[in-house]
Amino acid sequence: MKLIITRHGETDYNVKGLLQGQKQSKLTENGIKQAKALAERLKDEKIDVIYTSMMNRSIDTANIVNEYHKFKIIKTELLNERAYGDFEGKYGDKDYDIPNFKERDKKLRFTPKNGESVVKLKKRVKKFLKILPKDKTILIVGHSGTNKMILTVLLKTPLKEWTKLKQ
C-alpha cells in the first residue's frame, strides 16, 4: 500500500484562526487554488482511490483533485477532524472557558464538552487504517489533527508526541 496524505485547502475558519473541528466550512479562493495545485501536482501519480472525511472542506478538495483524475472517492466519518465540541468556532485560548486549552489538551483523555479526546481520535484513525486495501495507492484528503494522528499510528510515535508531528 502506498499512502499520499494531504490536507484540505484553506477555509475561512483557517484565515480567521478559528478552531473548526467538525464544523462545516467552505474553501476560500486561496483554498480552491491550493486544491487545483494539488491536482496538478498529482496528475501523473497512479492513484487507485481517494478517501476523504465527511467535512465539506475535504470533500471539495477531493472533488477538485478528481476533476483532473476521475478516481473513486470514498467518504468516511473515520477521517473527520477531531470533534472539539463546544470549542469549535472559537478563537484560541482567549475564548475557551478553561485556562490554557493547549496545555490541557496535552492530557490525552481530556474530552471537550460534546467533543472527543485524543485517545478516542486515535481509536478512530486505527479503525480507518484497518479498512484500507493493502494493494492500492491511496490519496487521503484529511485534516490537520486526523493526518497527524495517522502519522502517529503509522510511525508508532508515542501518543504524547502526536502534536509535534509536521504534515
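The basis for the numbers below is simple: all heavy atoms, side chains too, and nothing from hydrogens, waters or symmetry mates. Everything quoted here is computed from the prediction, not taken from an experiment.
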What pair of heavy atoms forms the shortest contact from [X] to [Y], and how long is it?
X      : Y      : answer
Glu40  : Tyr68  : OE1-CE2, 4.4 Å
Thr52  : Ile59  : OG1-N, 3.5 Å
Thr61  : Gly9   : OG1-N, 3.0 Å
Phe128 : Leu132 : CZ-CD2, 3.5 Å
Asp12  : Ser25  : OD1-CB, 3.6 Å

[atom1] ([X]) with more than 12 external heavy atoms under 6.0 Å:
X      : atom1 : value
Lys156 : NZ    : no
Lys113 : NZ    : no
Glu77  : CD    : no

Practice problem: For Glu10, check salt bridge (Lys or Arg N to Asp or Glu O under 4.0 Å) against everything at least two apart and list the hits. | Solution: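 None.
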
[Y] side chain reached by [X] side chain, heavy atoms, under 4.5 Å:
X      : Y      : answer
Tyr51  : Val141 : no
Val118 : Met149 : yes
Ser144 : Arg7   : yes
Glu45  : Lys2   : yes
Leu159 : Glu161 : no
Ile150 : Ile5   : yes
Ser53  : Glu81  : no
Leu139 : Val49  : no

Atom pair [atom1]/[atom2] of [X] and [Y] - distance to nearest 0.5 Å:
X      : Y      : atom1 : atom2 : answer
Gln20  : Lys90  : CD    : NZ    : 15.5 Å
Glu29  : Gln34  : CD    : CD    : 12.0 Å
Tyr84  : Thr111 : OH    : OG1   : 12.0 Å
Phe71  : Lys46  : CZ    : NZ    : 9.0 Å
Leu42  : Asn66  : CG    : CG    : 11.5 Å
Ile131 : Thr76  : CD1   : OG1   : 5.0 Å

Just by modelled atom types, is the [Y] backbone N or O under 3.5 Å from a matching donor or acceptor in the [X] side chain?
X      : Y     : answer
His69  : Ala39 : yes
Asn80  : Met54 : yes
Ser58  : His8  : no
Asn14  : Thr11 : yes
Asn147 : Thr6  : yes

* To do: Scan residues 115-125 for pairs that pass side chain to side chain donor-acceptor pair (under 3.5 Å), counting only residues two or more places apart or in two chains.
  =>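 Non-adjacent pairs meeting side chain to side chain donor-acceptor pair (under 3.5 Å): Glu116-Arg124.
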
Notebook entry, point to check: Are Leu79 and Leu154 linked, directly or through other ILVMFWY residues, by side chains that come within less than 4.5 angstrom of each other?
Noted result: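 Yes, one cluster joins them.
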
Q. Should Met55 and Gln24 be marked as a side-chain contact (heavy atoms from CB on, under 4.5 Å) after you check the CA-CA gap, both sets of side-chain angles, and the distance that decides it?
A. CA-CA 6 Å; Met55 313 313 299; Gln24 295 287 9; 4.0 Å; yes

_Which residue is it: Leu27, Ile32, Val65? I am looking for the one with a side-chain contact (heavy atoms from CB on, under 4.5 Å) to Asp60._
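Of Leu27, Ile32, Val65, side-chain contact (heavy atoms from CB on, under 4.5 Å) with Asp60 is met by Leu27 alone.
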
### Query
Only one of Ile138, Leu38, Thr137 forms a side-chain contact (heavy atoms from CB on, under 4.5 Å) with Ile4, so which one is it?
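Of all the options given, the one that passes is Thr137.
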
Quiz item: Taking only residues two or more places apart in sequence, or in another chain, which ones meet Tyr13 in a ring pair (Phe, Tyr, Trp, His ring centres under 6.0 Å)?
Solution: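 Not a single residue meets the ring pair (Phe, Tyr, Trp, His ring centres under 6.0 Å) criterion with Tyr13.
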
key: Test log, rule side-chain contact (heavy atoms from CB on, under 4.5 Å), inputs Val125 and Thr146   = CA-CA 7 Å; Val125 163; Thr146 309; 4.1 Å; yes

Look at Arg82 together with Glu88 and state whether they make a salt bridge at an N to O cut-off of under 4.0 Å.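 No, no charged N to carboxylate O under 4.0 Å.
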
